[in-house]
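Everything below concerns the one structure shown next.
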Amino acid sequence: MSNNIAGKVVVITGASSGLGETTARLLSAQGASVVLGARRIERLQSLTEELNQNGGKALAIPTDVTVPDQVKQLVDAAVQTYGRIDVIINNAGLMPLSLLERLKVDDWNQMIDVNIKGVLYGIAAALPYMKKQKSGHVINVSSVAGHKVRPGNVVYAATKNAVRVLSEGLRQEVKPYNIRTTIVSPGAVATELPDSVTEPDVAENIQNFYDEYAIPADSFARAVIFAMNQPDEVDINEVLYRPTAQKL
Ligand code: NDP
């Protein structure tokens, strides 16, 4: 298959750890220019230094995805530095799971702000450029939880369902502009995500589950590369995957 990755300008939110960081490494190694956003700027800077030393093109921009102006500045920086934006990966997210009856309203709000509004702000920042270019690719990160609601994951599942719904709506709306849209919905992948659980007993259960089942983060990066690498007329709309051992 021809390489449809080299030379592309890719913005990734939540690139300071986990799926975003691993994807930045793989895309950079395949010749993409990567523009990385997250709040922990020192992590982003050491990653971009490493990628640039290895011959890549990488830029770190401090970004809180709950602040629309900061997401716009991230995307603007990509266009100012590299001349265009080919792909945005709206990946930043958190998963503070608990039963609704525990009333963790701050956790609910944070998930809504980061997992839903953060994705929308990424779309708002990238869409004007992609429309003008008449090309682009929006990759939004949902989850198996975007397909399955269970006791304890209700708000998280709601946010990840929202990501799927708005991605499908976006897909239909951007037909005139030659823009591709992909949802990637992973199962358990070994990252820092369980650290976002705030209830100690839930955190312990989730960590045990991840220790038993989680697969490496390059599984996600390969799904992104699969979608990006297709010929321009092929639009991979969703990749849903799990560890082989994960039942639900
Ligand atoms: P990590 O916790 O390792 O990474 C989360 C990333 O999101 C970090 O880079 C963090 O950066 C960033 N982030 C969190 N809040 C904000 C914010 N307000 N502004 C900017 N960035 C933010 O977890 P993952 O890599 O696993 O998570 C990535 C995505 O994958 C999430 O959307 C998650 O829901 C999804 N996912 C993960 C699965 C898994 O099993 N790992 C399964 C299914 C989906 P910083 O703190 O520096 O801002």
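Bear in mind that the values here come from a model prediction, so they are computed numbers and not experimental data. Read the numbers this way: they start at 1 and go in the same order the structure lists the ligands and their atoms.
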Does some non-hydrogen atom of Lys160 fall short of 4.0 Å from ligand 1?
yes
Report yes if some N/O of Val114 lies less than 3.5 Å from some N/O of ligand 1; otherwise report no.
no
Can you tell me which residue and heavy atom of the protein come closest to atom 22 (C) of ligand 1, and the distance to 0.1 Å?
Ala92 CB, 3.7 Å
Ser143 N/O to ligand 1 N/O under 3.5 Å:
no
Identity and distance of the protein heavy atom lying nearest atom 18 (N) of ligand 1:
Asp64 OD1, 3.0 Å
Pairs involving residues 83-108, ordered by first then second residue, that meet ring-ring contact (aromatic ring centres under 6.0 Å, His included) (sequence neighbours left out):
none
Check for me whether Thr63 has a heavy atom closer than 4.0 Å to any atom of ligand 1.
yes
Is there a polar contact, in the sense of an N or O pair closer than 3.5 Å, between Val144 and ligand 1?
no
Suppose we measure from atom 42 (C) of ligand 1 to each protein heavy atom; which comes out shortest, and what is that distance?
Gly187 O, 3.1 Å
Using heavy atoms and a 4.0 Å limit, tell me yes or no: is Ser142 in contact with ligand 1?
yes
Contact list for residues 172-216, test ring-ring contact (aromatic ring centres under 6.0 Å, His included), sequence neighbours left out
Phe209-Tyr213
Does Tyr210 have a non-hydrogen atom less than 4.0 Å from ligand 1?
yes
Quick test: of every protein heavy atom, which one is nearest to atom 37 (C) of ligand 1, and how far off is it to 0.1 Å?
Leu193 CD2, 3.5 Å
Atom 4 (O) of ligand 1: closest protein heavy atom, distance to 0.1 Å, is Ser17 OG, 3.1 Å
Should the heavy atoms of other residues, nucleotides or ligands under 6.0 Å from CZ of Arg150 be counted, would the total exceed 12?
no
What protein heavy atom sits nearest atom 19 (N) of ligand 1, and how far off is it?
Val65 N, 2.9 Å
What do we get for Phe220 next to ligand 1 when only non-hydrogen atoms under 4.0 Å count, side chain, backbone, both or neither?
neither
Any idea which of Val141, Asn91, Ile12, Asn90 brings a heavy atom closest to atom 31 (C) of ligand 1?
Asn91
What protein heavy atom lies closest to atom 24 (P) of ligand 1? Include the residue and the distance to one decimal.
Thr191 OG1, 3.4 Å
